[in-house]
Undergrad: 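One structure, pasted below without further comment.
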Amino acid sequence: MTSPTSLHIEQQDDVLLLKLNRPEKRNAINDELILGLEAVFSAIPDGVRCALIYGEGGHFSAGLDLSQLRERNLVEGLHHSRMWHRALDKIQFGRVPVVAVLHGACVGGGLEIAAACHIRVAEQSTFYALPEGKRGIFVGGGASVRLPKLIGVARMTDMMLTGRVLSADEGLAAGLSQYVVGAGEGLAKGLELAKRIAQVGEMTTYGVMHVLPRIADSGQAEGLMMESLMATISSSSPEAQEQLREFLEGRGKKVMRNDE
Ligand code: 1HE
């Protein structure tokens, strides 16, 4: 797999690790980097069951590379935003779940990338902001669709209009991340979660990634119908049948309070 030097790729067993690698620009996302992400998530190698995105240096990402913004006219701006939408849709609705490991700045387009991932682990140093308000622009990488689903319209409005910056703990309480860990512990936690995710049956994973968000976007009647169809299809998969048999024969794992 070829990728720009600003995106480092490494496979560890069934987990694909992607490192945003422009620390000198605080992992600001230029076209090369967003196209690199789109290319990776369009062609996840066979055998990979989960991906993990993290950032080199002191920050996850400073968002859009603002130096590229000045050079665009109106139509180019529109195509640029749509390019981000395509790339981030590939992350959210791709082949495998994606864990984002956050630290330092997770702002603007960096937060948009994180929001397209399925699980977010934040180190204590993480701070979240939408500086678009300060720069006289609007979000363009999908934040207006994805963030209100995580934190609500009111919190996003606050972040954009008042420039409010949320800490890691505030982000956890608001729903921006599912986990907060200590300094330097994010990658280990992210990998631990990725390895667990890789064990989940493929049909269940597909349902959670592709069907659950569609159900959440539909009305009750359509949602319940999709749920019934998904439940029926998944429970008749050979994988599910085998795991149910294991449990009923006393060989399956029990649910424990701190499930390992
Ligand atoms: C950048 C960028 C960038 C840093 N584009 N070059 N995002 C923002 O408005 C956030 C802007 N960045 C910052 O507020 C700060 O850089 C940080 C808080 C992230 C980090 O601060 P610090 O002190 O560690 O680094 P720095 O000294 O500010 O930056 C180091 C270098 O990175 C410097 O370049 P240099 O050549 O002078 O060394 C900075 O110019 C450069 N740099 N951030 C370009 N964002 C799909 S639409 C999404 C819309 C958005 O994302 S808007 C939000 C943009």
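Whatever order the structure lists them in is the order used to number ligands and atoms, beginning at 1. In this text the structure is predicted, and so the values were computed from the model without any measurement.
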Undergrad: Would you tell me whether His85 and Arg82 have side-chain atoms, one donor and one acceptor, within less than 3.5 Å of each other?
TA: yes

Undergrad: Starting from atom 22 (P) of ligand 1, locate the nearest protein heavy atom and write down its residue, its atom name and how far away it is, to 0.1 Å.
TA: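 Checked against all protein heavy atoms, atom 22 (P) of ligand 1 sits closest to Arg26 NE, 3.5 Å.
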
Undergrad: Under 4.0 Å from a heavy atom of Pro131: which atoms of ligand 1 are those, numbered in the order shown and with their elements?
TA: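 Reading through ligand 1 atom by atom, the close ones are 8 (C), 9 (O), 53 (C).
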
Undergrad: Can you check atom 17 (C) of ligand 1: any protein non-hydrogen atom closer than 4.0 Å?
TA: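 So far as the 4.0 Å threshold goes, atom 17 (C) of ligand 1 is out of reach of every protein heavy atom.
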
Undergrad: Take atom CZ of Arg72 as the centre, draw a 6.0 Å sphere, and report whether it contains more than 12 heavy atoms from other residues, nucleotides or ligands.
TA: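 Count over threshold, so yes.
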
Undergrad: Can a non-hydrogen atom of His80 be found less than 4.0 Å from any atom of ligand 1?
TA: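 Per 4.0 Å heavy-atom rule, His80 does not contact ligand 1.
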
Undergrad: Taking atom 13 (C) of ligand 1 as the reference point, report whether a protein heavy atom occurs under 4.0 Å from it.
TA: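 Not a single protein heavy atom is under 4.0 Å away.
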
Undergrad: I need the nearest protein heavy-atom contact for atom 5 (N) of ligand 1: residue, atom name and distance, please.
TA: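 Residue, atom and distance for the closest contact: Leu66 N, 2.9 Å.
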
Undergrad: Using a 4.0 Å cut-off to any heavy atom of Gly63, which atoms of ligand 1 qualify?
TA: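 Selected atoms, number and element: 51 (O).
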
Undergrad: Under 4.0 Å from a heavy atom of His59: which atoms of ligand 1 are those, numbered in the order shown and with their elements?
TA: 20 (C), 24 (O)

Undergrad: Less than 4.0 Å from atom 28 (O) of ligand 1, is there any heavy atom belonging to the protein?
TA: no

Undergrad: Anything under 30° is parallel, anything over 60° is perpendicular, the rest tilted; go ahead and classify Tyr206 against His210.
TA: parallel

Undergrad: Looking at Gly186 and Val101, what are the two nearest heavy atoms and their distance?
TA: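 Smallest heavy-atom distance, with atoms named: C-CG1, 3.4 Å.
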
Undergrad: So, does Glu24 sit close enough to ligand 1 that a heavy atom of it is under 4.0 Å from the ligand?
TA: yes

Undergrad: Quick check on atom 39 (C) of ligand 1 - does any protein heavy atom sit closer than 4.0 Å to it?
TA: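 It does not; no protein heavy atom is within 4.0 Å.
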
Undergrad: If you link I, L, V, M, F, W and Y whenever their side-chain heavy atoms are under 4.5 Å apart, who else ends up in the same group as Val165?
TA: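 Listed partners: Val107, Phe127.
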
